[in-house]
Amino acid sequence: MRLKTGTRLRSQVCSTEVIVVRPGSGDIDLTVGGHPVIGSKETPADGLDLKPELAGGTLLGKRYTNEANEIELLITKAGVGTLAIGLTPLVLKEAKPLPSSD
Amino acid sequence: MSIGMLLDMTASAFGDRVALGRHDSGITFEHLVRVSTGGATLLKSSGADRVAYLGANSAAFPAALFAAAAAGMPFVPLNYRLSEDQLDALLGELHGPVVICDDAYRNVVARTGLTVYRSEDWLATAALAEPSDPVDVDDDSPAVLLFTSGTTSKPKAVVLRHSNLVSYVLQTVEFGAADEDEAALTSVPPYHIAGVGTVLTNTYAGRRFVYLPNFSADAWLRLVAEEKVTSAMVVPTMLARIVETLDGAQAQAPTLRSIAYGGARMPRPVLEKALEAFPGTGFVNAYGLTETSSTIAVLGPDDHREALASQDPSVQARLASAGRFVPGVEGQIRDPAGRVTDPGEIGELWVRGSQISGEYLGLASVLDPDGWFPTRDRAFLDADGYLFVEGRADDTIIRGGENIAPAEIEDVLIHHPAVKEVAVIGLPDVEWGERLTAVVVPEPQTSPEADDLRAWVRARLRGSRTPDEVVFRDELPYTPTGKLLRRQLVAEIGSSATFERA
């Protein structure tokens with residue numbers, strides 16, 4: 001699917017929900033737990049199971065990106081599946097803290 | 001993503017943490033969600049389209065802000081210091097909002113026939129109301145309408161959309177970054193963009209916030225000690241009163257890691273005294289406008305330390321800068337012809353980014369076709385991207401055809417040992433168009449001479465910058481949020497015959 005900044009997506013096999021911070025370009029096969037994500041209001045398909053090799057989990061409030069750092073997703077709800085493009089897991093993005101300004 | 005989701009995320013991770021108020025009696029993030037969803041039911045049942053908030057800061061303010069978000073209604077904090085007529089006009093512009101109001105201002109709204117809730121009861125009332133599921137709001141719908149302070153023009157309501165405010169928070173704050181023992185002290189009022197910003201950023205960081213409704217330096221220092229405050233935001237006039245109260249002594253504030261200041265220009269002597277009074281505290285200069293969803297540039301603690309320690313004049317000078325742009329914000333300086341200037345060259349600051357609104361209620365967007373917002377602030381960038389803000393373009397004095405920024409002269413005069421506060425304004429003049437008038441508040445027990453002050457400036461700046469006259473005053477007029485009321489000063493002094501003509 002083509003991602004769009006601000007779009008909210010959910011996993012079909014765990015409680016993970018994400019929001020698109022940077023969409024990257026072109027079609028992106030975004031998955032959680034080995035299955036494509038769907039819109040946050042859509043209903044998961046029946047009979048899908050979490051793939052054991054993609055059960056690393058997602059962390060609330062953390063950002064994930066791909067190796068090339070083209071896309072960025074924020075986890076708004078944590079879950080047990082791994083966030084990936086196809087079967088390639090995304091990586092945690094290091095935080096660069098700013099001083100508190102208000 | 002709506003601003004309400006910022007709270008939901010924090011409540012799901014740190015629900016038991018105290019969110020608001022005193023460490024022993026405050027309410028938790030989970031309870032803040034409960035009063036927001038209950039409050040949303042009340043606000044929706046009013047039938048109004050918007051929520052106005054008329055009160056000083058208190059725990060009711062964030063609860064009302066999140067309730068409005070859960071109800072999908074734009075939230076409008078109003079300046080409770082305005083006159084009844086002015087407030088009537090603003091309420092009229094909002095077409096019949098539901099109002100949450102301090103008792104002190106109830107008479108203002110009583111006769112309008114609007115639905116009114118007491119802010120003093122808001123937490124209790126909202127906790128009893130049936131919770132309603134948060135309304136699914138469009139990211140591009142307005143979350144907060146905030147009237148500008150109107151020091152240079154009639155107040156206009158800036159439209160801050162969910163996407164603007166959420167972008168600001170996501171780009172500048174790491175989720176859950178606060179330790180459990182952290183607490184932020186807010187003393188700016190709800191109708192200031194920093195008052196709104198502090199609710200959102202501290203909520204997302206998972207940091208408790210403590211309110212000081214009516215600022216005094218003693219109360220502020222006491223609350224910092226009692227509540228073990230770790231970060232605080234102040235406007236320059238507040239910091240000036242804090243260092244004045246300390247009178248050279250060091251503050252007893254061992255927990256205070258960070259003081260952020262912003263909202264107006266910080267006089268350098270005040271900053272230097274504050275750095276001495278709070279030796280263990282990091283200082284942060286935050287620059288932003290209502291139209292930019294709060295902070296767009298930051299001078300952090302390390303920048304302050306480097307500038308103080310450096311032998312390099314260009315690094316030392318950064319202590320007077322607003323630092324560098326935050327992630328997600330681009331800035332450029334343009335000359336009057338629209339050309340982007342070189343480093344060091346003054347012009348108007350234009351900014352771009354998803355947190356920038358640039359839009360006012362009932363008016364067309366002021367963004368240019370490429371999305372750039374003209375701040376109306378005169379500024380320059382140094383070679384390393386540090387932003388130096390000189391002041392509002394509208395404050396520029398034109399004397400004999402030459403553009404003069406008041407700040408240039410004020411920054412020199414403030415260092416004179418007998419000058420406590422100073423404002424330079426332009427008054428109508430037959431010969432020069434405008435003449436330079438320095439309005440000076442002397443330090444206690446001093447009586448500076450106008451000619452000495454003029455000589456002080458002449459020795460340091462070009463001849464055209466020497467004030468044509470010096471007027472002495474006991475105090476200068478500021479808004480409660482620390483902005484100098486230059487137009488009021490021009491009106492007062494322009495119509496007064498009793499000044500000392502140098």
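Chain A is the first sequence line, chain B the second, and so forth, proteins listed ahead of strands; every chain is numbered from 1.
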Side chain, backbone, both or neither: which part of [X] has a heavy atom under 4.5 Å from chain A?
X        : result
B/Ala177 : neither
B/Arg257 : neither
B/Thr172 : both
B/Asn202 : side chain
B/Tyr261 : neither
B/Val173 : backbone
B/Met9   : both
B/Tyr287 : neither

Sub-4.5 Å side-chain heavy-atom contact between B/Arg207 and A/Ser100: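 B/Arg207 vs A/Ser100: side chains touch.
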So, are B/Asp136 and A/Lys41 salt-bridged, with charged N and O less than 4.0 Å apart?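 Yes, this pair counts.
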Max heavy-atom pair count under 4.5 Å with chain B, selected residue of A/Thr76, A/Ile19, A/Leu74: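 Highest number of pairs under 4.5 Å: A/Thr76.
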With a cut-off of 6.0 Å (strictly less than), are more than 12 heavy atoms of other residues, nucleotides or ligands near CD of B/Glu30?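 It does not: B/Glu30 CD has 12 such atoms or fewer within range.
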